[in-house]
Amino acid sequence: MQEDYKPQEIEPKVQKEWDELNINKAKIDKDKEKFYCLSMFPYPSGKLHMGHVRTYTIGDVIARFQRLKGKNVLHPIGWDAFGLPAENAAFENKTSPRDWTLKNIDQMRSQLKQLGFSYDWDREIATCSEDYYVWEQWFFIQLYKDGLVYKKKSLVNWDPVDKTVLANEQVIDGKGWRSGATVETKEISQWFLRITDFADELLEDLELLKDHWPDNVITMQKNWIGKSEGTIVNFDSDIGNLEIFTTRVDTLFGVTFLAASMNHESIKQCDANIIKFCETNKNISQAGDDQKSLLGIFSGKYATHPFTKQKIPIWFANYIVDDYGTGVVMCVPAHDTRDFSFAKKYDLEIKEVIKGKSDTLPFISHGTLCSSGDYDGLESKEAMKLINKYLISNNLGSVETKFRLRDWGISRQRYWGCPIPMIYRDDGEVMPVDESELPIKLPNDIDFTVAGNPLDHHESWKYTKCKLTGKDAIRETDTLDTFFESSWYQARFACPTENTSMLNNDANYWLPVDQYVGGIEHAVLHLLYARFFHKLLRKKNILKDKEPFKSLITQGMVLKDGSKMSKSKGNTIDPQDLVEKYGADTVRLFIIFASPIENSLDWSDKGVEGSYRFLKRFWNLAKEVKSYSSKEDSEEYSKDEINFLSSINLTIKKVSNDIENRYSLNTIVSSCMESTNLFIKEIKNKRIRSKIINDYFMKLIIILSPITPHICYEIWNQFDKKDNIFKQKWPVPDKNYLEIDDVVFIVQINGKLRKRFELNRNLKENDIENIVLNDDDIKKYTDNKEIVKVIHVKGKLVNIVIK
RNA sequence: GCCGCUGUGGUGGAAUUGGUAGACACGUCAGACUCAAAAUCUGAUUCCCGCAAGGGAGUAACGGUUCAAGUCCGUUCAGCGGUACCA
């Protein structure tokens, strides 16, 4: 065994041996339980950053653990390779997005290999390859045929200089993030996916994920889907029937005005000055419900209350959302905060119809109805039922469910993405390309010197013919949102080279992903889209399960000095430098040890030193264990030996639970450190015979190996020349030593710790009391006091209650 | 605003079912080894009083339940995350 721990020598050597052993290759094996472990694949932005290292280390620890547990593990990796940064880089460096992306992939692949992650590299996927996106195009066509894809006009952020659509997060203070030009809202025609058809299913199936996904992610998805049950009420008015949507029909008698969105169609029937007012004010930012930002105008028209037949003024207001509900709202200022502010500002009537705990308005909770005709005295819930019943039977309304979730806009006016396989024929026909023409390849000869989407002015690509009719046609030049690629990659990893279909039956063997690992920032979009896609694939009988990701871990961000690492702040830590200095095992160990995985992690170089120090100690311990010898005279285990066995077996039990049930990886490291310290101490004391030390040290190596695989593999080979560490089984604690006879009881007086006693755990309560109450130290407290009672907790504690 | 989460030493954090608060580390201090430094090893390290033995306080604040509360309940404060006129 080498004198000193030299990771720079060990790690490359060991990694080469792993490649030769081919241990990471995943094959279908129906005799074994499968385990699919997946970390969110990276965008190939250039170099690996610490956030990547964290996600992939967590995934690797779990994958390696499950292999030791005897599971058949799939642990793949790939590249989310389409996306805007490649275009920007191409624009700035005059390279092609493809070359830039492929170069980055090469660099990051070698970095991942250096860190020793146990991927099945034969399954590597890059989403920008035709073999991958051809199936997306095929699937898009199927969805189109099923009516799940449609085109409609929608408002987008438009950068007039770059001639491109910007995502909301790319608009900073109303200006384009790159051009600095004032962003315009523009209405353009885009492709949409009918995710709203699946709103109920996406909501209901969250139940299946309960206890396996973090609660906050489930809540965020629930809120995002935003299901609310309410009532549509018809108001007769000067401008025809107006439908409104409300979740509080119990407040119907408190309606003092109606408010419509400034985009509402009824506006056409109003005076020119009103139309003009709405035109100028409809796009004004509407943040906050303070009176200043609330804007409205009286339409001059009236509606009739369905019950009281009173005249109710109709207003246009900027706080009414056009595309939620019906775009018209019944306003009850006494019981809604925004209606209240609006009524105050424009001096409108406020009519109280619910009495509750508080007298201050607006009172927005449920309560008892008043001033509500026949419904006075009823509780809100009961009143809603009866009012709904009346409205329905008199054709004045209906009960309906609304969702906040919008259909998914998937068009991007970009080059570096999957081409949408549609054509616009000369005769006006919009249709998918013939499936035999797939894939519609992204051209490589593009011109980035002209602003806008290069596909738009690539004439030989754009102008084409319809295969069926031979008629002239123009290709769709929009490409797909890159969330499209990341919505099904987890399934494709099961059969990455399948070239006759999108997915084959292997996907149904490996899916669902048993453990998914990734950042919380994907809590809604990616995870919702992937769930949706899975349901689409299920509907097409391609996949069987209901959900793609059985269990989810969301890890926190890696920070430096309390803020996010970024190039502009100059506070980045390059994993490469650290790996070169300390080795991959130290980096992996530190990133696991420093913090629970869901917390954010503030990077500290000092902490890395500490992890490195531990591995050196572990290495030196291995050397000592190898040369350790002791007298082997007695058959019976000594008390020291029993304590030692108890301690290590309890550690095995705890660590197994930590990794398997609690996802508490940092405490695994602490436990291994404690055990290491115990071994060092006991070797020095020479009280434990060498067979025990040897046997249990081997178990300790296995326990630590998912986190620091290189050093553990190397040390293992020093002890066991026949079988390497991958052939071993995760240790099972020996039950004989989990509950030993002599344990430390703590004795409390009135809940305060006073003394520790080493006693046999099986002693009767009476005997314990005799020993404890006759102890001189305890007597000091109990003399001249009345003992009210004594509480026993078996094997642990005695609490004496005195007065 | 609404929804969710979190508040523990100088720092990261541990305490899994209500039962020894501060494990394991980092940092700091002291000591050993060394001509010296690095590395390594040993010890101390929540705060207050005390030479010590020992005693007291203590998990954001206040209150409650309990023999016993970091853990459960209520109120307040602070921070983080999501979302925003969604009727």
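To find a chain, count down the sequence lines: A is the first, B the second, and so on, and within it residues start at 1.
- In this model, the phosphate group of B/rA87 is approached by a side-chain N or O of A/Ser228 to a distance below 4.0 Å at OP1 or OP2.
- In this entry the distance linking CD1 of A/Ile707 with P of B/rA25 reads 14 Å, nearest Å.
- From A/Thr246, atom OG1 reaches atom CD1 of A/Ile232 across 10.0 Å, with rounding to the nearest 0.5 Å.
- Under a cutoff of 6.0 Å and an axis angle of 45°, A/Lys345 and A/Phe342 do not form a cation-pi pair.
- Closest approach to the A/Ile791 side chain among B/rU42, B/rU83, B/rC67 is made by B/rC67 (side chain taken as heavy atoms from C-beta onward).
- Residue-to-nucleotide proximity on RNA chain B shows that, of A/Lys616 and A/Val669, the 5′-proximal contact is made by A/Val669.
- Annotated as syn: B/rG9, whose O4'-C1'-N torsion sits within 90° of 0.
- Between A/Ala594 and A/Met673, the residue anchored nearer the 5' end of RNA chain B, judged by the nucleotide with its closest heavy atom, is A/Ala594.
- Comparing the P positions of B/rA32 and B/rA25 gives a spacing of 24 Å, expressed to the nearest Å.
- Base pairing analysis places B/rA36 opposite nothing; no Watson-Crick or G-U wobble pair with both distances below 3.5 Å involves it.
- Across the strands present, B/rU71 finds no partner; the criterion is a Watson-Crick or G-U wobble pair with both atom distances under 3.5 angstrom.
- Comparing the same atom, C1', in B/rC86 and in B/rC3 gives a spacing of 14 Å after rounding to whole Å.
- Here A/Val801 lies in heavy-atom contact (under 4.0 Å) with sugar-phosphate atoms only.
- For A/His305 and A/Phe253, the ring centers sit closer than 6.0 Å to each other.
- Spacing between atom CD1 of A/Ile680 and atom P of B/rU40 amounts to 12 Å, rounded to whole angstrom units.
- Between B/rA87, B/rC86, B/rG13, one nucleotide has an atom nearer to the side chain of A/Arg404 than all others, and that is B/rC86.
- Rounded to whole Å, atom P of B/rA84 lies 13 Å from atom CG of A/Leu405.
- Counting any heavy atom pair closer than 4.0 Å across all strands shown, A/Phe593 reaches a base atom.
- The gap from the C1' atom of B/rA23 to that of B/rU34 amounts to 34 Å, rounded to the nearest Å.
- Partner assigned to B/rG31 is B/rC41, using Watson-Crick or G-U wobble distances below 3.5 angstrom.
- Among B/rG19, B/rG56, B/rA14, the nucleotide with an atom closest to any side-chain atom of A/Thr667 is B/rA14.
- Of the candidates B/rC26, B/rC85, B/rC3, the closest approach to any side-chain atom of A/Asn318 belongs to B/rC85.
- Base pairing of B/rA57: its partner is B/rU46, meeting the Watson-Crick or G-U wobble criterion (both donor-acceptor distances under 3.5 Å).
- At a cut-off of 3.5 angstrom, counting only N and O atoms as typed in the model, there is no donor on one side facing an acceptor on the other between the side-chain of A/Arg613 and the base of B/rU40.
- Aromatic ring centres of A/Tyr529 and A/Phe483: separated by under 6.0 Å.
- Distance check on atom P: B/rA69 versus B/rC62 gives 15 Å, rounded to whole Å.
- The base of B/rU16 lies close enough to the side chain of A/Asn657 for a donor and an acceptor atom to sit less than 3.5 Å apart.
- Within 4.0 Å (heavy atoms only), A/Lys752 reaches sugar-phosphate atoms of the nucleic acid but no base atom.
- Straight-line distance from the CG atom of A/Asp658 to the C1' atom of B/rA23: 13 Å, rounded to whole Å.
- Pairing partner, B/rG1: B/rU83, with both Watson-Crick or wobble hydrogen-bond distances short of 3.5 Å.
- Put simply, the side chain of A/Arg662 never gets that close to the backbone of A/Asn657: no donor and acceptor are under 3.5 Å apart.
- The interatomic distance linking A/Arg617 (CZ) with B/rC24 (P) rounds to 11 Å, in whole Å.
- Across the protein-nucleic acid pair, A/Leu753 atom CG and B/rG18 atom P stand 21 Å apart, rounded to whole Å.
- Residue-level contact check: A/Gly610 touches the backbone only, with heavy atoms under 4.0 Å from sugar-phosphate atoms and none from bases.
- Minimum atom distance to the side chain of A/Asn799 is reached by B/rA68, of the listed B/rC86, B/rA68, B/rA15.
- When A/Leu650, A/Leu700, A/Ile703 are each tested for a side-chain contact (heavy atoms from CB on, under 4.5 Å) with A/Ser675, only one passes: A/Leu700.
- In this structure, A/Tyr324 reaches the B/rA87 phosphate: one of its side-chain N or O atoms is under 4.0 Å from OP1 or OP2.
- As rounded to whole Å, 11 Å separates atom P of B/rG18 from atom NZ of A/Lys796.
- Distance noted for atom C1' between B/rA52 and B/rC41: 29 Å (whole Å).
- The side chain of A/Asn677 contributes an N or O atom lying less than 4.0 Å from OP1 or OP2 of B/rA25.
- Heavy atoms of A/Asp336 sit nowhere under 4.0 angstrom from any nucleic acid atom.
- Rounded to whole Å, the distance from CZ on A/Phe316 to P on B/rA87 is 22 Å.
- At least one side-chain nitrogen or oxygen of A/Arg662 sits closer than 4.0 Å to the OP1 or OP2 atom of B/rA15.
- Side chain of A/Lys755 to backbone of A/Ile746: no donor-acceptor contact under 3.5 angstrom is found.
- Summarising the local packing, NZ of A/Lys653 is surrounded by 12 or fewer heavy atoms from other residues, nucleotides or ligands at distances under 6.0 Å.
- A distance of 4.5 Å separates CG of A/Leu295 from CG of A/Asn318, quoted to the nearest 0.5 Å.
- Comparing the same atom, P, in B/rU46 and in B/rC24 gives a spacing of 12 Å after rounding to whole Å.
- For the OP1/OP2 pair of B/rG54 and a distance below 4.0 Å, the side-chain nitrogens and oxygens of A/Tyr781 include no atom meeting the criterion.
- For the C1' atom pair drawn from B/rC47 and B/rA21, the interatomic distance equals 14 Å after rounding to whole Å.
- Taking the C1' atom of each, B/rA38 and B/rA53 are spaced 41 Å apart, rounded to whole Å.
- Searching all strands for a Watson-Crick or G-U wobble partner of B/rC77 with both distances below 3.5 Å returns B/rG7.
- B/rA15 is unpaired under the criterion used here, namely a Watson-Crick or G-U wobble arrangement in which both key atom distances are under 3.5 Å.
- Counting atom types as modelled, A/Lys654 pairs a side-chain N or O with a base atom of B/rU16 as donor and acceptor under 3.5 Å.
- In this structure, A/Asn599 reaches the B/rG13 phosphate: one of its side-chain N or O atoms is under 4.0 Å from OP1 or OP2.
- When distances are taken from the side chain of A/Lys789 to each of B/rC67, B/rC3, B/rC85, the shortest belongs to B/rC67.
- Between A/Asn666 and B/rA14, a side-chain N or O to OP1/OP2 separation shorter than 4.0 Å is present.
- OP1 or OP2 of B/rA23 has not a single side-chain nitrogen or oxygen of A/Ser670 nearer than 4.0 Å.
- Other residues, nucleotides and ligands contribute more than 12 heavy atoms inside 6.0 Å of the CD atom of A/Glu521.
- Using a 4.0 Å heavy-atom criterion, one finds that A/Glu609 contacts no nucleic acid atom at all.
- Side-chain nitrogen and oxygen atoms of A/Lys755 include none within less than 4.0 Å of the OP1 or OP2 phosphate oxygen of B/rG54.
- Residue A/Arg338 places no side-chain N or O under 4.0 Å from the OP1 or OP2 atom of B/rA84.
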